[in-house]
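Comments concern the structure below.
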Amino acid sequence: MSFPTLNLSNLRVLVVEDNLHMRRILRRMLSGFGVTLIHEAEDGAEALEQVARQDPDLIITDWLMPIVDGAELTRRIRSGNSPGCFVPIIAVTAHTQKRRVVEARDCGVTEILCKPVSAKALYLRIANCVLNQRDFIRSKTFFGPDRRRFQLPNYKGIDRRGRRKEDGYALDAGGEVTQTPPAEEHRESA
C-alpha cells in the first residue's frame, strides 16, 4: 500500500488533549509529517477559544476530557455560523465500542482514531481529510460531514438523498441539500 505524499507545512492544526504526554506524542507525530503550525488546548473549553483565535484547518481532539469533552466541542463547533464550522475534526479515543463510534459520527466528527495512536493511522486520517473532503449535510438534527462513505447511484429507496421531504429545508437545483438553515417563517411554524 502506497501512502500519499502531502505537503502539510501550511496546515494549521489544533490538538485538544487533557493528557500532556499524549499532546506531546501527537505534536511529535505532526511535526514528523511536516506540520509546523501546531496549537494545543488542554480541554474543549480552551479549544473553543483557540478555534476563534487560530482558525485551524484541522482539529485533533480527545473524546473524553473534563469541562468540555470531544462530543460537546464538536457540537459547538458544528453549530456555529462561521466558516470554522466546516473544519475537519479527528476524534481520538480509547473507547471503540460501536455506540461510542456512532455517537462521535452523529456529533459531526470527520474521522475517528483509536488509541493507541500510530503515526501511520494518524497520517492516513489527515490525508483522508485533506484529499477526500466530504460534503456537509444540514438537517433539523444534524450538521456535519456526510456520514456515508460511498454512494449507491442506483439506489431508489425512500431514504434516497435528494428526495424532497417536508421538513422545512429546501433542495437546491441538482438535488443537493442546502447548507443554510430554513427561513425564519419555517422555524416559527414548526
Side-chain angles (χ1 to χ4, degrees), residues 8 11-27 29-30 33 35 38-52 54-152 159 161 177 179:
L8 302 175
L11 193 68
R12 295 180 312 269
V13 178
L14 174 60
V15 175
V16 186
E17 170 65 63
D18 58 325
N19 182 296
L20 175 62
H21 180 67
M22 189 65 195
R23 274 199 320 271
R24 286 181 181 162
I25 290 171
L26 291 170
R27 177 180 273 282
M29 286 181 189
L30 292 167
F33 304 152
V35 178
I38 305 168
H39 301 280
E40 297 179 12
E42 290 184 25
D43 58 58
E46 183 182 341
L48 288 168
E49 295 173 11
Q50 293 261 4
V51 168
Q54 307 298 338
D55 189 30
D57 298 313
L58 176 71
I59 297 172
I60 300 171
T61 183
D62 186 26
W63 200 241
L64 295 178
M65 297 179 290
I67 304 173
V68 175
D69 64 12
E72 184 62 23
L73 172 64
T74 301
R75 281 189 209 97
R76 288 187 189 181
I77 290 170
R78 296 291 186 235
S79 68
N81 291 324
S82 71
C85 69
F86 294 98
V87 65
I89 299 172
I90 299 174
V92 180
T93 183
H95 302 278
T96 58
Q97 301 91 347
K98 182 178 179 180
R99 68 177 178 80
R100 300 246 190 194
V101 172
V102 168
E103 175 194 13
R105 180 202 68 188
D106 290 348
C107 288
V109 300
T110 311
E111 294 285 337
I112 298 171
L113 183 60
C114 300
K115 292 179 181 177
V117 176
S118 72
K120 174 184 174 181
L122 179 60
Y123 185 81
L124 289 174
R125 298 308 187 291
I126 293 170
N128 198 40
C129 289
V130 171
L131 297 174
N132 302 314
Q133 296 178 13
R134 293 166 40 200
D135 291 335
F136 272 61
I137 303 296
R138 183 181 300 276
S139 72
K140 285 184 176 182
T141 59
F142 175 78
F143 177 72
D146 190 343
R147 297 178 276 199
R148 293 163 297 183
R149 294 294 187 159
F150 59 93
Q151 300 294 321
L152 298 173
D159 293 326
R161 186 169 115 186
V177 177
Q179 299 295 316

Inset, instruction - Give a yes or no answer on whether the side chain of Q50 reaches the backbone of E40 with a donor-acceptor pair at less than 3.5 Å. - result: yes
Inset, instruction - Return yes if some donor-acceptor pair links the side-chain N/O of R23 with the main-chain N/O of V15 below 3.5 Å, else return no. - result: no
Inset, instruction - Could you list the residues that satisfy side-chain hydrogen bond (donor to acceptor under 3.5 Å, both in side chains) with R125, not counting sequence neighbours? - result: none
Inset, instruction - Name all residues meeting the side-chain hydrogen bond (donor to acceptor under 3.5 Å, both in side chains) criterion together with E42; count only those two or more places apart in sequence or in a different chain, and write none if there are none. - result: none
Legend entry - Minimal non-hydrogen separation, V35 against L11, with atom names: CG1-O, 3.5 Å
With rounding to the nearest 0.5 angstrom, report the [atom1] to [atom2] distance, [X] to [Y].
| X | Y | atom1 | atom2 | answer |
| --- | --- | --- | --- | --- |
| L20 | I25 | CG | CD1 | 10.0 Å |
| L8 | I38 | CG | CD1 | 10.5 Å |
| M22 | E17 | CE | CD | 6.0 Å |

With a 3.5 Å cut-off and sequence neighbours excluded, list the donor-acceptor pairs that the side chains of residues 58-74 form with protein atoms.
unit_1, atom_1, unit_2, atom_2, d
D62, OD1, K115, NZ, 3.2
D69, OD1, A71, N, 3.3
D69, OD1, E72, N, 2.8
E72, OE1, R75, NH1, 3.4
E72, OE2, R76, NE, 3.0
T74, OG1, G70, O, 2.8

Legend entry - The single option from L14, V51, I77, D57 passing side chain to side chain contact (heavy atoms under 4.5 Å, CB included) against V87: I77
Legend entry - Pair listing, ring pair (Phe, Tyr, Trp, His ring centres under 6.0 Å) test, anchored in residues 99-135, at least two apart: F33-Y123
Inset, instruction - Please tell me if the side chains of E111 and R134 come closer than 4.5 Å, counting only heavy atoms from C-beta onward. - result: yes
Legend entry - Contacts of R78 that satisfy salt bridge (Lys or Arg N to Asp or Glu O under 4.0 Å) - sequence neighbours left out: none
Side-chain atoms of residues 90-109: list all donor-acceptor pairs with protein atoms under 3.5 Å, sequence neighbours left out, distances to 0.1 Å.
unit_1, atom_1, unit_2, atom_2, d
T93, OG1, H95, N, 3.0
D106, OD1, R147, NH1, 2.7

Inset, instruction - Let me see the working for F86 and F143 under side-chain contact (heavy atoms from CB on, under 4.5 Å), right down to the final yes or no. - result: CA-CA 9 Å; F86 294 98; F143 177 72; 3.5 Å; yes
